[in-house]
> 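Okay, here's the structure, questions in a sec.
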Amino acid sequence: MTWHATVLTIFPQMLPGPLAYSLAGKALKAGAWRLDTVDIRDYATDRHRSVDDAPFGGGPGMVLKPDVLDAAIAGAGGLGPLINLSPRGRPLDQARVRELAAGPGVRLICGRFEGVDERALEANRVEDISLGDFVLSGGEPAAIALLDACVRLLPGVIGTGAALTEERFAECLLEYPHYTRPAVWQGRTVPDTLVSGDHGRVRAWRRAQAELLTRQRRPDLWERYCAAVPEKAGSGRET
Ligand code: SAH
């Protein structure tokens, strides 16, 4: 069955946006995945088609109304977990992306304003997912990023699958540096190993570079890597 993304938003015209291009766009046209956007405003019931109201307890901004959102969720249909993009969610990582891509699809709620009435989230058992510790003005860019990450894992979207296997192997590591022609650019050369033609040495060099970068930039990932690859623990303090 086709992997099915459903996006609930008050700006349906923001989709597919960047997902209409490149790999994701080609896959969408080819029918490797399906995207439905649902305009939350279509489920407003009053004359002014209002979707938000002032927060109880006061304070700035407006809150997406529970009745409208609930009706939109019910009307939207779609497949897979119901996810609210929110800065208070669990940060998205590749493991969750893999789970989502392996399922039937996702249903994404894009908040705007101050956020969404809590009761509509509770009543629909919605999972919060965050893109990171920063605040966007709306959930749409986060939904697009999540979908992009999922779609590239769908069968047939990235040609050979070799690129994916390679990445998965090094999942707790940052990626090693890449180089392409010309071999000398502005007086800068590329590492000898990469032009040696020795695939074993190339693999070892890339692994060592990935480990070095991870240790330097992301101690949190390095710790996870060391737990997964015990012989690495305590190694590489020297640079
Ligand atoms: N008042 C909220 C911010 C609301 S931002 C707070 O301070 O936490 C408006 C909408 O943008 C949110 O409902 C959410 O859908 C989206 N958003 C903002 N930051 C995000 C992030 N880091 N990850 C995912 N979605 C985010």
> Kindly check if the number of other-residue, nucleotide or ligand heavy atoms within 6.0 Å of CG (Asp46) is above 12?
yes

> So, for Val157 and Ala32, which heavy atoms are closest and what is the spacing to 0.1 Å?
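So the minimum-distance heavy-atom pair works out to CG2-CB, 4.3 Å.
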
> Show your reasoning for whether salt bridge (Lys or Arg N to Asp or Glu O under 4.0 Å) applies to Arg119 and Glu122.
CA-CA 5 Å; Arg119 294 165 296 175; Glu122 276 169 18; over 6 Å; no

> Using a cut-off of 6.0 Å, state whether more than 12 heavy atoms not belonging to Tyr179 lie near its atom OH.
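Above 12, so yes.
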
> Answer whether the closest heavy-atom distance between the side chains of Phe113 and Asp53 falls below 4.5 Å.
no

> Flag yes if Leu154 and Leu108 sit in one hydrophobic cluster, no otherwise; membership is Ile, Leu, Val, Met, Phe, Trp, Tyr, and two members link when side-chain heavy atoms are under 4.5 Å apart.
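Linked, Leu154 and Leu108 end up in one cluster.
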
> Tell me the closest heavy-atom pair linking Ser130 and Gly89, and the distance in Å.
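For Ser130 and Gly89, the tightest heavy-atom pair comes out as CB-O, 3.5 Å.
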
> Does any non-hydrogen side-chain atom of Tyr43 lie less than 4.5 Å from one of Asp67?
no

> Rounded to the nearest 0.5 Å, what separates atom CD in Gln209 from atom CD in Glu175?
12.5 Å

> Which is it for Leu28 and Trp33 under the side chain to side chain contact (heavy atoms under 4.5 Å, CB included) test, yes or no, and what are the steps along the way?
CA-CA 5 Å; Leu28 186 57; Trp33 67 293; 3.4 Å; yes

> Could you state whether Met62 and Leu136 fall into the same hydrophobic cluster, counting links through intermediate Ile, Leu, Val, Met, Phe, Trp or Tyr residues with side-chain heavy atoms under 4.5 angstrom apart?
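Looking at the clustering, Leu136 is in the same group as Met62.
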
> Do Val126 and Ile129 land in one hydrophobic cluster if side-chain heavy atoms of ILVMFWY residues count as linked below 4.5 Å?
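Yes, Val126 connects to Ile129 through the hydrophobic network.
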
> Could you go through the salt bridge (Lys or Arg N to Asp or Glu O under 4.0 Å) check for Arg41 and Asp39 one step at a time?
CA-CA 5 Å; Arg41 203 173 290 282; Asp39 189 345; 5.3 Å; no

> Rounded at 0.5 Å granularity, tell me how far CD1 in Ile83 sits from CG in Leu121.
12.5 Å

> Before giving the answer on side chain to side chain contact (heavy atoms under 4.5 Å, CB included), spell out for Leu153 and Gln94 the whole-Å C-alpha distance, their side-chain angles and the decisive distance to 0.1 Å.
CA-CA 10 Å; Leu153 298 184; Gln94 192 63 17; 3.7 Å; yes

> CG/Leu85 to CD/Glu140 distance, rounded to the nearest 0.5 angstrom?
8.5 Å

> Calculate, to the nearest 0.5 Å, the distance between atoms CD1 and CD belonging to Ile109 and Glu127 respectively.
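So the gap between those two atoms works out to 11.0 Å.
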
> For Asp117 versus Lys65, what's the shortest heavy-atom pair and its separation?
CB-C, 4.5 Å

> Does the side chain to side chain contact (heavy atoms under 4.5 Å, CB included) test come out yes or no for Ile10 and Asp52, once each step is laid out?
CA-CA 11 Å; Ile10 56 168; Asp52 59 336; over 6 Å; no

> If Ile, Leu, Val, Met, Phe, Trp and Tyr residues are connected whenever their side-chain heavy atoms lie under 4.5 Å apart, and connections chain through other members, are Leu212 and Val202 in the same group?
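Result: no, two separate clusters.
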
> Once rounded to the nearest 0.5 Å, what's the spacing between atom CG of Leu213 and atom CD of Gln216?
6.0 Å

> Arg107 side chain to Gly80 main-chain N or O, any donor-acceptor pair under 3.5 Å?
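Yes, because the side chain of Arg107 sits within donor-acceptor range (under 3.5 Å) of the backbone of Gly80.
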
> Identify the two heavy atoms, one from Phe134 and one from Pro87, that lie closest to each other, and give their separation to 0.1 Å.
O-CB, 4.1 Å

> Report the distance from atom OG1 of Thr214 to atom CG of Leu173, rounding to the nearest 0.5 Å.
4.5 Å

> In this structure, which one of Lys232, Glu211, Arg215, Arg218 forms a side-chain hydrogen bond (donor to acceptor under 3.5 Å, both in side chains) with Tyr225?
Glu211

> List the steps and the verdict of side chain to side chain contact (heavy atoms under 4.5 Å, CB included) for Met1 and Leu79.
CA-CA 11 Å; Met1 208 196 328; Leu79 296 171; 3.7 Å; yes

> Quick check against the 3.5 Å criterion: does Asn124 have a side-chain atom that pairs as donor or acceptor with the backbone of Ala120?
yes

> Is the shortest heavy-atom distance from the side chain of Trp3 to the side chain of Val151 under 4.5 Å?
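Yes, close enough: below the 4.5 Å cut-off.
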
> Would a 4.5 Å heavy-atom cut-off, applied to side chains only, mark Leu82 and Arg125 as touching?
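When only atoms from C-beta onward are counted, Arg125 and Leu82 do not touch, as no gap falls below 4.5 Å.
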
> Given Pro12, which of Val38, Ile40, Thr37 fulfils the side-chain contact (heavy atoms from CB on, under 4.5 Å) condition?
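Only one of Val38, Ile40, Thr37 forms a side-chain contact (heavy atoms from CB on, under 4.5 Å) with Pro12, namely Thr37.
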
> What pair of heavy atoms forms the shortest contact from Glu114 to Gly61, and how long is it?
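Answer, listing the atom of Glu114 first, then Gly61: CG-CA, 3.7 Å.
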
> Do Leu23 and Leu100 sit in one hydrophobic cluster, given that two such residues count as connected whenever their side-chain heavy atoms are within less than 4.5 Å of each other, even indirectly?
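Looking at the clustering, Leu100 is in the same group as Leu23.
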
> Is the number of heavy atoms from other residues, nucleotides or ligands within 6.0 Å of CG (Asp133) greater than 12?
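No - once you tally the heavy atoms of other residues, nucleotides and ligands closer than 6.0 Å, there are 12 at most.
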
> Can you sort out the partners of His178 under ring pair (Phe, Tyr, Trp, His ring centres under 6.0 Å), two or more places apart, ordered by chain and number?
Tyr176

> Can you tell me if Glu223 has over 12 outside heavy atoms packed within less than 6.0 Å of its CD?
no

> Taking all non-hydrogen atoms of both residues, which atom of Ala76 and which atom of Thr6 are closest, and how far apart?
CB-CG2, 4.1 Å

> Looking at Asp42 and Arg49, is any side-chain nitrogen of the basic one under 4.0 Å from a carboxylate oxygen of the acidic one?
yes

> Could you check if a side-chain atom of Met14 sits within less than 4.5 angstrom of a side-chain atom of Thr9, using non-hydrogen atoms only?
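Not touching, per the 4.5 Å side-chain cut-off.
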
